[in-house]
Amino acid sequence: MLDLRSIREDPEGVEAKLRRRDPTIRLAPLLELDRERRALIRRVEDLRRERKLGSEEVARLQQAGHGEEAQTRIATLKELSAELKALEERLAELEEKLYQELLKLPNLPHDSVPPGGKEEKVLLRSWGEPPRFDFEPKHHLELGKKLGILDFPRAAKLTGTRFPLYIGLGARIELALIHWMFELHVREHGYVPVLPPILANPTSFLVSGQLPKFAAELYYCPEDDLYLNPTAESLLVNLHRDEILSEEDLPLKYVAYTPCFRREAGTYGEEQRGLIRVHQFNKVELFYFTTPERSYQDLEELVGHAERVLQALGLHYRVTLLPCGDLAQQSAKTIDLEVWLPGQGRYYEVSSCSNCEAYQARRGKIRFRPRGGGKPEFVHTLNGSGLATSRLFAAILEQNQRPDGSVALPPLLAELVGTEELS
RNA sequence: GGAGGGGUGGGUGAGCGGCCGAAACCGCCGGUCUUGAAAACCGGUGAGCCUCCGGGCUCCGUGGGUUCGAAUCCCACCCCCUCCGCCA
């Protein structure tokens, strides 16, 4: 959510920035609602003041024994109260409308974010070299099937299409990766470990920015009015909802492991077979609550932490900066890590690291008190995958495959599971 | 799921129709004292909205209701605690 006051003070400036993301955005209706609202507030407050003074007078009259005068006063106040109630109802309606409008607006892109749509993303750097094969590299689905570590047909029997089932060494590798990443961030990068609930209420998703716009992406339990976690970002941001933190405690860094569930409504495609786009995957998520002064520096640090995972596994990847048109609703700037999948000859996102600035903080009223006192300010929130395992799993198979379909595990992983190769 | 108790400012907690944005204590900030610090003492210290920048209004879990007037009374819901039941 954007700051209404700053929209009011510089509507042209805000609109210009928003249009870098979406040229169809218009602030005029919102500004009109705001004008109406403020006019109404003035009337309502005048009436409230009148009622308050009148009521105090009634009390005085009654105490002084002027019962009759008090009754007359009460009669007029009764009318005033009725009028006030009607106006208050209108005001509540207006404020709700205004709030809904405000919720629809995405975050302002940071100045360093390039213009344009999906295709305009900027390559920042890459790490390592794509492995060379003197044979046709296979798809991880094929490798996983042959190695007996991935079983989609049986998963479909249990649940349906696009749900993964890891079995044998596949299950052990998956679990080992999750645990190792989690420990890495806790022990070497100083994150506070969290295992949150996997179901959360609508308010939580409103704060994170998933709702109201992206309800179709979420699995929902109507009996309980709860949504299934699509990314731990949504959960972690709510950890400090409605709190005033101390600047001394910032940045607060959390790492969570959660399964993630996404309906992926309307996504199909041969190229997204296997583990690339599934309804359920595992993710280790990194999250910062920090100050506006240091949030962009923290974003770089966060990206570095995610990169360490890929580096330790010796996987070739690249780092890209998303353009305005490809930003998530809540993000002001997003840096993606994309791992190379030779079986498909392309890169896939394994981490998306964003600075949401005060967008989520404003929705969730997450503030901090500046050092040495003063008014509370909104924190900046950052999130990033560190990492999502299903695609990581796929990359490990595809980048380390051998002509016969066996896979040489990276040394680190080999040690974790006690096997050097899958065959 | 059943019975009972409770949700008040950064924290603990008093208030149970008007004098309450709200006692007290803790914390925090400033001062006195001290070589410095601690202790002690004194003073200050909630958030948000509107503004003709004088000020005004709102907020005591959430939403309704009663009333001239609600933190206080009534109803519904949510959450927490205790006990019982069920259960990995």
Side-chain angles (χ1 to χ4, degrees), chain A residues 1-9 30-102 195-207 211 221-227 235 238-250 252 289 291 358 361-379:
Chain A
M1 191 156 68
L2 301 180
D3 178 32
L4 181 58
R5 191 170 299 183
S6 58
I7 293 177
R8 190 153 67 215
E9 277 165 11
L30 188 136
L31 290 165
E32 181 50 34
L33 279 173
D34 180 48
R35 265 190 295 276
E36 280 181 51
R37 168 178 156 270
R38 282 185 296 154
L40 196 51
I41 282 175
R42 259 170 280 164
R43 290 184 58 199
V44 163
E45 289 190 351
D46 283 349
L47 285 182
R48 287 211 270 237
R49 178 165 166 71
E50 216 179 300
R51 180 185 65 182
K52 190 176 167 181
L53 294 175
S55 292
E56 281 166 8
E57 200 190 327
V58 167
R60 274 196 304 277
L61 289 172
Q62 284 177 339
Q63 268 160 26
H66 298 97
E68 231 165 272
E69 279 179 61
Q71 283 311 311
T72 320
R73 203 76 194 84
I74 284 173
T76 54
L77 283 176
K78 206 165 189 163
E79 276 173 49
L80 191 150
S81 260
E83 188 190 348
L84 179 57
K85 195 179 171 187
L87 288 181
E88 280 177 332
E89 274 165 22
R90 259 190 59 202
L91 179 60
E93 270 171 46
L94 260 180
E95 298 208 306
E96 177 59 24
K97 241 178 166 171
L98 182 65
Y99 180 61
Q100 290 305 326
E101 284 300 312
L102 217 42
L195 291 178
I198 306 304
L199 289 166
N201 57 40
T203 307
S204 295
F205 292 105
L206 190 83
V207 169
L211 291 179
C221 307
E223 296 273 291
D224 304 284
D225 197 20
L226 294 173
Y227 293 88
L235 306 171
N238 284 283
L239 229 48
H240 294 296
R241 191 169 82 210
D242 297 317
E243 290 184 26
I244 298 176
L245 307 165
S246 299
E247 183 171 2
E248 288 72 35
D249 296 335
L250 301 179
L252 279 168
F289 294 89
T291 63
R362 212 170 271 122
R363 287 190 176 194
K365 296 188 179 63
I366 309 165
R367 291 168 292 180
F368 72 95
R369 197 173 298 280
R371 232 178 277 274
K375 287 281 167 197
E377 291 175 43
F378 289 111
V379 300

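First the proteins, then the strands, lettered A, B, ... as listed; each starts at 1.
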Colleague: Check whether any side-chain N or O of Ser81(A) sits under 4.0 Å from OP1 or OP2 of G69(B), and answer yes or no.
Modeller: yes
Colleague: Under 4.0 Å from OP1 or OP2 of G65(B): is there any side-chain N or O of Lys85(A) that close?
Modeller: yes
Colleague: Quick one: list whatever passes salt bridge (charged side-chain N to carboxylate O under 4.0 Å, His left out) with Arg369(A), sequence neighbours left out.
Modeller: none
Colleague: Regarding Arg37(A) and Glu95(A), does a basic nitrogen lie under 4.0 Å from an acidic carboxylate oxygen?
Modeller: yes
Colleague: Tell me the interatomic distance from His66(A), atom NE2, to G18(B), atom P, rounded to whole angstroms.
Modeller: 22 Å
Colleague: Going by atom types alone, do His66(A) and Glu69(A) pair a side-chain donor with an acceptor below 3.5 Å?
Modeller: no
Colleague: Could you pick out which residue, Glu89(A) or Ile74(A), lies toward the 5' side of RNA chain B when each is mapped onto its nearest nucleotide?
Modeller: Glu89(A)
Colleague: Let me know the distance between CG of Asp46(A) and P of U51(B), rounded to the nearest Å.
Modeller: 12 Å
Colleague: G54(B): syn or anti, with syn meaning chi within 90° of zero?
Modeller: syn
Colleague: What base-paired stems does RNA chain B take part in, with at least 3 consecutive Watson-Crick or G-U wobble pairs and both distances under 3.5 Å?
Modeller: B:1-7 with B:78-84, B:10-12 with B:24-26, B:27-32 with B:40-45, B:46-50 with B:55-59, B:61-65 with B:73-77
Colleague: For Glu57(A) and C19(B), give me the distance from atom CD to atom C1', rounded to whole Å.
Modeller: 16 Å
Colleague: Please give the distance between the P atoms of A71(B) and C16(B) as a whole number of Å.
Modeller: 14 Å
Colleague: Do side-chain atoms of Ser204(A) reach the backbone of Ala200(A) as a donor and acceptor pair under 3.5 angstrom?
Modeller: no
Colleague: Expressed in angstrom and rounded to an integer, what is the separation of Leu87(A) atom CG from C57(B) atom C1'?
Modeller: 14 Å
Colleague: Check side chain to side chain donor-acceptor pair (under 3.5 Å) between Glu88(A) and all other residues, then give those that pass, not counting sequence neighbours.
Modeller: Arg48(A)
Colleague: Determine the Euclidean distance between corresponding C1' atoms of C73(B) and C79(B); express it in Å to zero decimal places.
Modeller: 23 Å
Colleague: Given the P atoms of G17(B) and G7(B), what is the spacing between them in whole Å?
Modeller: 16 Å
Colleague: With distance as the sole test, does Thr72(A) use its side chain to make a donor-acceptor pair with the main-chain N or O of Glu68(A) at under 3.5 Å?
Modeller: yes
Colleague: In this structure, are over 12 heavy atoms from other groups packed under 6.0 Å from Arg43(A) atom CZ?
Modeller: no
Colleague: Can you tell me the distance, in whole Å, between the CZ atom of Arg73(A) and the C1' atom of G69(B)?
Modeller: 12 Å
Colleague: Within the 4.0 Å heavy-atom criterion, would you say Glu243(A) contacts the bases, only the backbone, or no part of the nucleic acid?
Modeller: nothing
Colleague: For G6(B) versus C57(B), give the span between their C1' atoms, rounded off to a whole number of Å.
Modeller: 31 Å
Colleague: Restricting to nitrogen or oxygen on both sides, can you table the protein-nucleotides 46-50 of chain B pairs closer than 3.5 Å?
Modeller:
residue : atom : partner   : partner atom : Å
A47(B)  : OP1  : Arg369(A) : NH1          : 3.2
A47(B)  : OP2  : Lys375(A) : NZ           : 3.4
A47(B)  : O3'  : Arg367(A) : NH1          : 2.9
A47(B)  : O2'  : Arg367(A) : NH1          : 3.4
G48(B)  : OP1  : Arg367(A) : NH1          : 3.4
C49(B)  : O3'  : Arg37(A)  : NH2          : 3.2
C50(B)  : OP1  : Arg8(A)   : NH1          : 3.2
C50(B)  : OP1  : Arg8(A)   : NH2          : 3.1
C50(B)  : OP2  : Arg5(A)   : NH2          : 2.9

Colleague: Of Lys52(A) and Glu56(A), whose closest RNA chain B nucleotide lies nearer the 5' terminus?
Modeller: Glu56(A)
Colleague: Under 4.0 Å: is that the gap between some side-chain N or O of Arg48(A) and OP1 or OP2 of C57(B)?
Modeller: no
Colleague: Given the C1' atoms of C60(B) and U72(B), what is the spacing between them in whole Å?
Modeller: 10 Å
Colleague: Using whole Å, what does the distance between atom P of nucleotide G9(B) and atom CG of Asp242(A) come to?
Modeller: 12 Å
Colleague: Can you tell me how far C1' in U32(B) sits from the matching atom in G69(B), rounded to whole Å?
Modeller: 46 Å
Colleague: Please list, pair by pair, any protein nitrogen or oxygen found under 3.5 Å from a nitrogen or oxygen in nucleotides 76-81 of chain B.
Modeller:
none

Colleague: Does some side-chain heavy atom of Gln62(A) sit less than 4.5 Å from a side-chain heavy atom of Ile74(A)?
Modeller: yes
Colleague: CG of Leu40(A) versus P of U51(B): gap in Å, rounded?
Modeller: 13 Å
Colleague: CG of Leu84(A) versus P of G56(B): gap in Å, rounded?
Modeller: 18 Å
Colleague: Between the main-chain N or O of Met1(A) and the side-chain N or O of Arg362(A), is there a donor-acceptor pair closer than 3.5 Å?
Modeller: yes
Colleague: Using atom C1' in both nucleotides, what's the gap between A37(B) and U45(B) to the nearest angstrom?
Modeller: 24 Å
Colleague: Could you tell me which residues satisfy salt bridge (charged side-chain N to carboxylate O under 4.0 Å, His left out) with Glu57(A), sequence neighbours excluded, listed by chain and number?
Modeller: Arg73(A)
Colleague: Taking the basic N atoms (NZ, or NE/NH1/NH2) and the acidic carboxylate oxygens, is any pair closer than 4.0 Å for Asp46(A) and Arg42(A)?
Modeller: no
Colleague: Side-chain contact, heavy-atom cut-off 4.5 Å: Leu30(A) with Leu98(A)?
Modeller: yes
Colleague: Are any non-hydrogen side-chain atoms of Phe368(A) and Glu243(A) less than 4.5 angstrom apart?
Modeller: no
Colleague: For A23(B) and G10(B), measure between their P atoms and round to the nearest Å.
Modeller: 14 Å
